[in-house]
There are 2 protein chains.
Amino acid sequence: MMNPRVDASLSQIDDAANAAAEAFDAYSALPPERIALFLERIATGIEALGDALLQIASLESALTLDRLTGERGRTTNQLRMFANLVREGAWKGARIDAPMPDRKPLRRPDLRRILIPLGPVAIWAASNFPLAFSVAGGDTAAALAAGCTVVVKAHPGHPNTSAMVAGAIREAVAEMGLPSGVFSILFGSSPEVSLALVRHPAIAAGAFTGSLRAGRALFDAAVSRATPIPFFAEMGSLNPVFVLPGAVAERGDALADGLAQAVNLGVGQFCTCPGLVVGLESAAFDGVVERLRSRFQAGAVGTMLTPQIARSYRDAVSRLEATNGLRTTRPFETTTLTDSQSMPALFETDARTFLEHEELGEEVFGPSTIVVRCASDSELRTVASHLHGTLTATVHGTSDDLQEYRSLLALITRKAGRLIYNGYPTGVEVCGAMQHGGPYPSTTDPRFTSVGTAAIERFARPVCFQDFPAEFLPESLRSV
Amino acid sequence: MMNPRVDASLSQIDDAANAAAEAFDAYSALPPERIALFLERIATGIEALGDALLQIASLESALTLDRLTGERGRTTNQLRMFANLVREGAWKGARIDAPMPDRKPLRRPDLRRILIPLGPVAIWAASNFPLAFSVAGGDTAAALAAGCTVVVKAHPGHPNTSAMVAGAIREAVAEMGLPSGVFSILFGSSPEVSLALVRHPAIAAGAFTGSLRAGRALFDAAVSRATPIPFFAEMGSLNPVFVLPGAVAERGDALADGLAQAVNLGVGQFCTCPGLVVGLESAAFDGVVERLRSRFQAGAVGTMLTPQIARSYRDAVSRLEATNGLRTTRPFETTTLTDSQSMPALFETDARTFLEHEELGEEVFGPSTIVVRCASDSELRTVASHLHGTLTATVHGTSDDLQEYRSLLALITRKAGRLIYNGYPTGVEVCGAMQHGGPYPSTTDPRFTSVGTAAIERFARPVCFQDFPAEFLPESLRSV
């Protein structure tokens, strides 16, 4: 057992990756039912860790026990969802083209195509979901479900939580009689650990959730290998909310309350935290902003996931406060913050200032948002067209608004992976139709999702069998 | 109209990419029926070019009129296949999760996911299919079908063929009343033209068929952009053929004849040309090799696609001839070759020599193949496990052979995109179950295919609509 507080050595990284490669043959050849049972056994194992897991996770992340109870449910639900997906089998996308023996000038052969697992997958745990996007989180569940073996690089923000969950997975591996290389965990906070892992020749794909800087560095390493590998990084996302006039008129107060709540949920530490609110100048919109201000003024100190994250947030807020043309609203309460603490912050500016300052279009990870007032519809569209790729984009409006702003809808569809109408982006449903992945820099590959059943597709590739006798085909290709 | 013999200027490249971006809104919003008609109109337009197109293509590529007639059929069939796929609509993978308004603690929203086009696509035409994988070839058809606008970089090997086909596409654009930026063509043979195109900010994806060196350079440029883009390069492929003892005993002569024919088909200029034949030492296998030798001795001079390709081939053959431990067989006939001509070449070696010389595992583009004799099953498996990624891998054997060599089958499944039993890899069927794309270096992304209906998936990404009224959803998401 490695020490969760010490960086993995190069030989430990090498061992984990090689073990994953050695275990791959046996694991990827398991019948779907065995993989499903394995995933379910991991879920049961996590539940068996009981409240001790939640208490340690809460100590390490400062997240509430309530929130972590919900997150544990999401984690085990994800594992069971993938178990069902694997049992059902349709995710493999079997395609069969029957032979045409008499076709001229050439017979058409029997062609059968199916998805097979990519190989050993390296997964970088996220800080902000110490259970649901960490050691046994969505990425691990999806990769194991696809038939891939897994090496997790734990997040240094919750090492003991990680070690406990890794223990539950290892027990499931042992109880199912699988080779131990099916799952390994590596600890470490230095970039060298991550770079050695992503560059290891045995690793066939990588999945990461975290900052743009770290994600891009690992992506760059993945694609500049002698053999480049797919690397799915989920990074920063602005999650703009467009507030159209009809919605402002109909329910301005509720909108302000909903936005304040969404920004501050979990101390603003969701990938889908709305970091930008765009509206049209009007007395009614002023009312919304005024109410937002009062909600932020009433805001309280929050404890963030790690001191480092809190420091980054406080630095970003200070930079924004120092930017010309931004009005800042902070809570009335003032207090000396500890290393891990933060205060919410609301910024306001006009479209011209927003467009002039590239950095205002970048994510601030934490409980802050920027309100941009536009003087005209055309300014609103200009702001939308200047946005970078984002996980989500939200529109609040009436049906008449949607009609009038169809071109805005077309614009933001190009920028986002999920579009939300009259809601808030922070709830990410785990289901078949979810798309959690948008254009760069929100992810490195918007063609895939990291949440929902389609997340399994990241870890597979198609292979076509031509003219093989049924008994040598993968089971799902045997029937006609 | 640009001059097909002059490199496109930077401003021409810029204009083409920007026009593709400007046309994207209108083109991607077209109803499927209009896109289908457009693709069909291109097919009709190519047919209307008549035999003049085939004659020019034959002059420029040295391919026979018969071959080009077949290739024209494949080109127009591909366009019509994608037209039908677009009409039918299932490729968009619509997924709908119905809302659960009464779910506790939170309602589940209405979630609907569908594929949308990626944006303007840059396509590098291949040399070896001047029609079917060139200006209006599979990549262009797939990208246009997905709703993407296209900029083609023509291959300098067949500039006039390219210009004629581009003319047919432009006519279709005009007749359908589409913006001219839907399709542009650029000429040029310098790497600068290609690099400027792949780096252009308006380009959202790239597809390329050609050499490993050029493909990797463009892939590197694509992924090191400020905003990385998907880049699908199909590059070199060895296409190994494993000849198992039962097949050798049953039909050794036919095997030798089939292999000689597959290697020499189209002067060896297919991506799926079998460049490696692996068998087990035996008197019977000696017989196969002896017959192969006699087939190569009877081989004739061939004219390759371009002088450059012929020179590369002749250089590669000379390097192999100079390699210790390789036996070479060449045609008896000797003659002075012109710049574009080549002679077939058969090489033989043992497993140890093959494993010692890394370069023997690399593709030689042209009519040559290497026979590797293995002293044992374990040596055969070692050779298989040392192979790089490849488009195809073939096994010749009886059903008993397959049973005995199951582990070989598992090994090569990891290396290839398509596995062929008792056939030859050179025929690539254009259909739903085809997978033309294997692990690196055969392609940069084995998760996708460049042949068959699934090729359209390269140019799309999913987007999820949450709680939108039906009238603002893409049409295929409105039902239910």
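In what follows, chains carry the letters A, B, and so on, assigned in the order in which the sequence lines appear, proteins first and then strands, with residues in each chain numbered from 1.
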Region of [X] in contact with chain B, defined by heavy-atom distances below 4.5 Å:
X	answer
A:Ile420	both
A:Ala94	neither
A:Ala416	backbone
A:Arg216	side chain

In A:Arg108, A:Arg107, A:Arg112, the residue satisfying salt bridge (charged side-chain N to carboxylate O under 4.0 Å, His left out) with A:Asp110 is A:Arg112

Sidechain-backbone polar pair: A:Asp97 side chain, B:Ala433 backbone, donor-acceptor under 3.5 Å
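Side chain of A:Asp97 to backbone of B:Ala433, a donor-acceptor pair under 3.5 Å: yes, one is there.
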
Taking a cut-off of under 4.5 angstrom between non-hydrogen atoms, the residues of residues 388-405 of chain A near chain B are A:Ser399, A:Leu402, A:Gln403

Non-hydrogen atoms of chain A under 4.5 Å away: do they reach the side chain of [X], the backbone, both or neither?
X	result
B:Thr227	both
B:Asn422	neither
B:Arg225	backbone
B:Leu409	side chain
B:Pro441	neither
B:Ala204	neither
B:Thr413	both
B:Ala460	backbone

Query raised in the report: Pick from A:Arg95, A:Arg447, A:Glu457: which one has the most heavy-atom pairs with chain B under 4.5 Å?
Result: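 Top option by heavy-atom pairs under 4.5 Å: A:Arg447.
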
Looking only at A:Met434, A:Glu471, A:His436, A:Arg414, most heavy-atom pairs under 4.5 Å shared with chain B are made by A:Arg414

Under 6.0 Å from the CD atom of A:Glu362, do we count more than 12 heavy atoms belonging to anything else shown? yes

Take atom CZ of B:Arg406 as the centre, draw a 6.0 Å sphere, and report whether it contains more than 12 heavy atoms from other residues, nucleotides or ligands.
yes

So OG of A:Ser385 and CG of A:Leu408: to nearest 0.5 Å the spacing works out to 10.0 Å

Exercise for review: Evaluate the side-chain proximity of B:Val451 to B:Arg74: yes if any heavy-atom separation is below 4.5 Å, no if none is.
Suggested key: yes

Looking at every heavy atom in both B:Ala454 and A:Arg113, which two are closest together, and how far apart are they?
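In terms of heavy atoms, the two residues are closest at CB-NH2, 3.5 Å.
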
Between A:Gly417 and A:Gln435, the two heavy atoms sitting closest are O-CG, 3.3 Å

